[in-house]
Amino acid sequence: MTMFGVELGILGIVGLVLVGLFVVLYLIPLPLWIAAWASGAYVGLSSLVGMRFRRVPPGVIVNGRISAVKAGLDVSTNDLEAHYLAGGNVTRVVNALISADKANIHLPLKRAAAIDLAGRDVLDAVKMSVLPRVIETPRVAAVAKDGIQLIAIARVTVRTNLDRLVGGAGEETVIARVGEGMVSTIGSAATHKAVLENPDHISKNILARGLDAGTAFEILSIDIADVDVGANIGAKLQIDQANADKQIAQAKAEERRAMAVALEQEMRARVVESEADVPRAMAEAFRSGNLGIFDYYRMRNLEADTAMRHSVANDVPSNVRPAIGQGRG
């Protein structure tokens with residue numbers, strides 16, 4: 001064996017040793033094991049190796065356990081691993097447990113994990129339990145019994161109810177219920193002045209209804225921030241009703257006028273029809289001998305005299321004017 005072959009063999013052995021050492025250090029994270037042992041949150045080497053095979057980052061689990069133990073909480077690595085494998089955020093859950101413990105809020109690990117897996121920010125929920133949040137409703141318009149519109153804004157102070165956080169309704173439901181209570185209270189008021197004088201009646205009435213039932217929050221107080229006077233809805237409705245009645249009356253009057261015009265036209269048609277029968281009646285009278293030629297001429301002269309009088313008075317009817325020429329001819 002040549003010198004080159006010996007050197008190559010030594011390099012191969014060194015390489016295998018380095019690879020083996022890297023694999024061992026990867027499977028057995030000694031820095032994490034030492035840190036856990038030094039912090040009083042001991043984690044066995046076998047557990048760390050098992051985390052590697054279960055594809056769980058040991059750093060997240062060990063650091064979370066160290067934080068919990070230093071805060072005086074006993075959290076097992078198995079529970080933290082289970083929560084991580086379920087898709088939860090281990091760091092956020094551990095921080096929420098520590099915050100709840102410091103604030104004397106009872107929050108078991110299972111409930112915190114359930115809140116986190118439900119998609120809610122458990123740490124923010126704990127902070128909201130310690131520091132209540134103020135929710136401002138949008139402008140809510142309602143009409144009192146006297147027809148005056150009032151526009152009100154309320155500020156609702158709520159805090160998280162951790163027992164109902166999973167499955168409880170959110171802020172939108174609270175805002176909707178408060179808005180409904182405002183509309184109902186203003187609508188039941190006799191006058192808008194009563195609401196302006198005592199706006200606290202709105203908040204008292206809403207609080208008495210227990211609007212936070214079934215929600216993830218507990219309503220601490222409801223304050224009416226602003227009440228503005230809007231439009232006179234009652235007067236507008238009366239004006240609209242009067243306009244509608246006016247249009248109905250006009251339609252009925254137009255209908256009666258049309259019927260009268262039709263009746264007048266019908267009567268004129270009957271007159272024209274009757275006038276058309278006059279020549280036939282006169283011819284029949286000539287044939288039967290009831291009307292003589294002198295009687296006919298006297299009648300025509302009488303018509304001509306009547307037409308002349310109307311002409312002098314500038315009031316000659318259209319149906320008489322043709323008879324003037326005939327009578328004088």
* Asked: Hey, are the side chains of D223 and S203 touching, using non-hydrogen atoms and a 4.5 Å cut-off?
  -> no
* **Test item: L207 and I219 side chains (from C-beta on) under 4.5 Å apart, heavy atoms** => yes
* Any chance you could lay out the side-chain contact (heavy atoms from CB on, under 4.5 Å) test for D79 and T77, step after step, and finish with the verdict? => CA-CA 5 Å; D79 293 336; T77 57; over 6 Å; no
* Asked: Cut-off 3.5 Å, side chains only: do D146 and T191 have a donor facing an acceptor?
  -> no
* Atom pair CZ (R257) and CD (E264), whose distance is rounded to the nearest 0.5 Å -> 10.5 Å
* Establish whether V69 and I66 are linked, either directly or via other cluster members, by ILVMFWY side-chain heavy-atom contacts under 4.5 Å. => no
* Asked: Between L131 and K127, is any pair of side-chain heavy atoms under 4.5 Å apart?
  -> no
* To do: Please confirm whether the backbone N or O of A169 pairs with a side-chain atom of T173, one donor and one acceptor, at under 3.5 Å?
  => no
* Taking all non-hydrogen atoms of both residues into account, name the closest pair between A189 and V195 and its distance. => CB-CG2, 3.4 Å
* More than 12 non-hydrogen atoms from neighbouring residues, nucleotides or ligands closer than 6.0 Å to CG on D74, yes or no? -> no
* **Intermediate values then yes/no, side chain to side chain donor-acceptor pair (under 3.5 Å), D245 and Q241** => CA-CA 6 Å; D245 295 340; Q241 184 63 41; 3.1 Å; yes
* May I have the step-by-step check of side-chain contact (heavy atoms from CB on, under 4.5 Å) for I135 and R155, ending in yes or no? => CA-CA 6 Å; I135 304 174; R155 290 189 176 93; over 6 Å; no
* Asked: So, the side chain of T215 versus the backbone of G170: is there a donor-acceptor pair under 3.5 Å, distance only?
  -> no
* To do: Answer yes or no: is there a side-chain heavy-atom contact under 4.5 Å between R133 and F217?
  => no
* Hey, mind stepping through D228 and L150 against side-chain contact (heavy atoms from CB on, under 4.5 Å) and telling me if it holds? -> CA-CA 6 Å; D228 296 329; L150 295 178; over 6 Å; no
* To do: Check whether any side-chain N or O of S129 sits under 3.5 Å from a backbone N or O of T160 as a donor-acceptor pair, and report yes or no.
  => yes
* Asked: Which distance, rounded to the nearest 0.5 Å, do you find between the OG1 of T157 and the CD of E136?
  -> 11.0 Å
* Counting only heavy atoms not in Q250, do more than 12 fall under 6.0 Å of its CD? -> yes
* Same cluster or not: are M308 and L302 linked, directly or through other Ile, Leu, Val, Met, Phe, Trp or Tyr residues, by side-chain heavy atoms under 4.5 angstrom apart? -> no
* **Side-chain H-bond candidate by donor/acceptor type, S184 with R209, under 3.5 Å** => yes
* Asked: Between R159 and V130, is there a donor-acceptor pair closer than 3.5 Å when you use the side chain of the first and the backbone of the second?
  -> no
* Can you check whether E180 reaches V183 side chain to side chain, under 4.5 Å on heavy atoms? -> no
* Asked: Under 3.5 Å, is there a donor-acceptor pair between the side chain of T185 and the main chain of M182?
  -> no
* Of all the heavy-atom pairs spanning H192 and A144, show the shortest one and how long it is. => N-CB, 3.8 Å
* To do: Run the salt-bridge test on E197 and K193 with the 4.0 Å N-O cut-off and return the result as yes or no.
  => no
* Asked: Crowded around R55 CZ? As in, over 12 foreign heavy atoms under 6.0 Å?
  -> no
Under 3.5 Å, side-chain donor or acceptor atoms of residues 93-109 against the rest of the protein: list the pairs with distances, not counting sequence neighbours.
unit_1 : atom_1 : unit_2 : atom_2 : d
N95    : ND2    : T91    : O      : 3.2
S99    : OG     : N95    : O      : 3.0

* Report yes or no: do W37 and V43 belong to one cluster of Ile/Leu/Val/Met/Phe/Trp/Tyr joined by side chain heavy-atom distances under 4.5 Å? => yes
* Hey, does I224 have a side-chain heavy atom less than 4.5 Å from the side chain of I153? -> no
* Asked: Just wondering, more than 12 heavy atoms not from E171 lying within 6.0 Å of its CD?
  -> yes
* For the side chain of D121 and the backbone of D124, is there at least one donor-acceptor N/O pair under 3.5 Å apart? -> yes
* Structure fact -> In short, L80 meets G64 closest at the heavy-atom pair CD1-C, 4.2 Å
* Do V140 and I151 touch side chain to side chain, with heavy atoms closer than 4.5 Å? -> no
* Asked: Any side-chain heavy atom of M128 sitting closer than 4.5 Å to one from V158?
  -> yes
* Common cluster, I206/V227, ILVMFWY with side-chain heavy-atom separation under 4.5 Å -> yes
* To do: May I ask you to decide if N89's main-chain N or O and D116's side chain share a donor-acceptor pair within less than 3.5 Å?
  => yes
* What pair of heavy atoms forms the shortest contact from A125 to L165, and how long is it? -> CB-CD2, 3.5 Å
* Asked: Do the side chain of N198 and the main chain of D200 share a donor and acceptor less than 3.5 angstrom apart?
  -> no
* Where do I202 and I186 land on the side-chain contact (heavy atoms from CB on, under 4.5 Å) test, with the steps shown first? -> CA-CA 7 Å; I202 302 177; I186 295 175; 4.0 Å; yes
* Any chance you could measure S188, atom OG, to N205, atom CG, to the nearest 0.5 Å? => 6.5 Å
* Considering non-hydrogen atoms only, spot the tightest contact between A141 and Q149 and give its length. => CB-NE2, 3.7 Å
* What about V174 and L220, same hydrophobic cluster or not, with Ile/Leu/Val/Met/Phe/Trp/Tyr joined at side-chain heavy-atom distances under 4.5 Å? -> no
* Which distance, rounded to the nearest 0.5 Å, do you find between the CZ of R177 and the OG1 of T137? -> 15.5 Å
* Rounded to the nearest 0.5 Å, how far apart are CD of E266 and CE of M259? -> 11.0 Å
